[in-house]
There are 2 protein chains.
Amino acid sequence: MAKNPQFQPVQPVRAYQRIVEQVEDALARGDLAPGQRLPSERELVAQFEVSRSTVREALRVLESNGVVRSRPGDPNGPEILPFSQSALRKQMVRLARVDELTLSELIGFRMIMDGAAIQVATRLRTPEHLAEMEETLVAMRAAIDVDFEAFSEADLAFHDVIARVSRNSLIQTCNDVVRGVVLTLISDKVAHAPNSRALMLESLEHHTEVVDAIRAGNGHAAARIARQNMYDYYASYVPAPEQETLRALIDD
Amino acid sequence: MAKNPQFQPVQPVRAYQRIVEQVEDALARGDLAPGQRLPSERELVAQFEVSRSTVREALRVLESNGVVRSRPGDPNGPEILPFSQSALRKQMVRLARVDELTLSELIGFRMIMDGAAIQVATRLRTPEHLAEMEETLVAMRAAIDVDFEAFSEADLAFHDVIARVSRNSLIQTCNDVVRGVVLTLISDKVAHAPNSRALMLESLEHHTEVVDAIRAGNGHAAARIARQNMYDYYASYVPAPEQETLRALIDD
DNA sequence: CTAGTCCACTGGTCGGACCAGTCACAGTCG
DNA sequence: CGACTGTGACTGGTCCGACCAGTGGACTAG
């Protein structure tokens, strides 16, 4: 056989998807503008020469993407929504196409986010908040003797308090989502490594230092420790050269 | 008539949407995990007691959101996908639901993110990067005489350089998405205010200071100026008490 | 000119049908 | 005994035709 010509796996293109593409392309090209109306479903059936089921599946996808909105009985047909402004839309499309986020990028993102949240939380802390943090530390210590799952749970609770103190749920959500992505990526690479008791103890130690720094009002130090902790936790999963980039993030 | 009880407009809940909610809830609750399979379409028809068309519309939405993937002929049924970048994107967009997040939270998020990115960029900067930043400053100065749209475009280019220097496209993406949401929220509130020439000049001034601080290697100062700039830009749109919270974010 | 009625048409949902593809399994061949 | 193959029960993709509850514009009566 000849040299492998780098064939790519091919998956079938579904009809409804090509309808979605046509509509989105028309939108990007300017042939369709927000406020305008799409033809009715039955007319789209004729134009695209597919069944109504197919047209409807395409409309559901477009609706889910915030591109159009259908209302029963509206004689004008589905409405093109204004939310898809050019810049935002472009970014979203780009992000959808580029599926090449590296693990180090995700971890670096978390280091930055987590550090920033802790820094803000230090400024806005109250004695009640500090008490809550102490509680989660106690819970973490207790969880070490159970299993890694419980420890991970307690760790999440800690970050939850931080997010509440910093009065910004967006940070918390981003952290949670990215955290989930990181965990699945890691579990893809190695079966299960981080459940060693030593690592959990070290993590607890770090968290305690973070809380101490927060209590002392030293947000700078607290954030640094948090980033260091995150680095120690995940660095072994990324290639050496990228480890260096991550190390650069630790210091302020 | 009695005092206006602040009624909300109601829209009919479609059947397929409640299926989507049930699946997503099960996923969030942990009853469904990535790698697991959904029952086949015909079995879902029986479980949800709806027609196959409805089940399929729900599956199309879930598929569009990166939650599941259907393959023809697969006897195991639709597959639950691991959290992907596109799923992350969807999460963020959904998070941007107007009723869930306050404008001040969004702006606060941007202040933190932008500051962090600039701080990192300061550490990782090279002379070439600095030259690029200078270019965008020149472009901004030129754009002031055109219109606010052009200025906004040049501002975006600046942040794009920052993101590239900080070697983290996720930060850039988050910033862009949130930025888009903020802009639509503001344009909802007031018609068009920020296109005053004075504001643009002040913004340019701030950006210049940021670049100077980056060149000097003072990431701390650069980040602070960036946050200050963001605050000045958007603070007038949020209620006074929340302005105070945002002001607390400016200083490190 | 206004208020009320009416009806064509909309999207939402249903059930049944056919097709091409996939996969597990039983049976066959070496 | 193991590797191969053919088969058949499934899967999802698409289509069709039907019914319903709404919507909104036209039309009519006042």
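These numbers come from the heavy atoms of this one structure, side chains and all, not from hydrogens, waters or symmetry mates. Here is how names work: the chains are called A, B, and so on, in the same order as the sequence lines, proteins then strands, and each is numbered from 1.
Not counting sequence neighbours, the partners of A:Asp74 by the salt bridge (Lys or Arg N to Asp or Glu O under 4.0 Å) test are A:Arg37, A:Arg71. Applying the side-chain hydrogen bond (donor to acceptor under 3.5 Å, both in side chains) criterion to A:Gln17, with sequence neighbours excluded, gives no partner residue. For A:Ala150, the side-chain contact (heavy atoms from CB on, under 4.5 Å) partners two or more places apart in sequence, or in a different chain, are A:Ala143, A:Val146, A:Asp147. In this view, B:Ser51 and B:Ser53, B:Thr54 satisfy the side-chain contact (heavy atoms from CB on, under 4.5 Å) rule, not counting sequence neighbours.
Atom C1' of nucleotide C:dT13 and atom CD of B:Glu49 are separated by 15 Å, given to the nearest angstrom. Atoms OH (B:Tyr16) and C1' (C:dC14) sit 17 Å apart, rounded to a whole Å.
Using a 4.0 Å heavy-atom cutoff across all strands shown, B:Ser53 reaches at least one base atom of the nucleic acid.
A salt bridge is defined here as a Lys NZ or Arg NE, NH1 or NH2 lying under 4.0 Å from an Asp or Glu carboxylate O, and A:Glu63 with A:Arg69 fails to meet this definition.
Contact between the side-chain N/O atoms of A:Arg60 and the OP1/OP2 oxygens of C:dG12 is found at a separation under 4.0 Å.
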Every protein N/O lying under 3.5 Å from an N/O of nucleotides 5-10 of chain C:
| from | atom 1 | to | atom 2 | distance (Å) |
| --- | --- | --- | --- | --- |
| C:dT10 | OP1 | A:Ser40 | OG | 3.1 |
| C:dT10 | O2 | A:Gly73 | N | 3.3 |

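Put simply, the side chain of A:Val20 does not reach to within 4.5 Å of the side chain of A:Val67, judged on heavy atoms.
Looking only at atom types and distance, the side chain of A:Ser203 has no donor-acceptor partner in the side chain of A:Asp155 under 3.5 Å away.
Here the CG-CZ distance, from B:Leu246 to A:Arg167, works out to 10.5 Å after rounding to the nearest 0.5 Å.
Contacts between chain A and DNA chain D, taken as any atom within less than 4.0 angstrom of a protein heavy atom, begin and end at D:dG13 to D:dG24.
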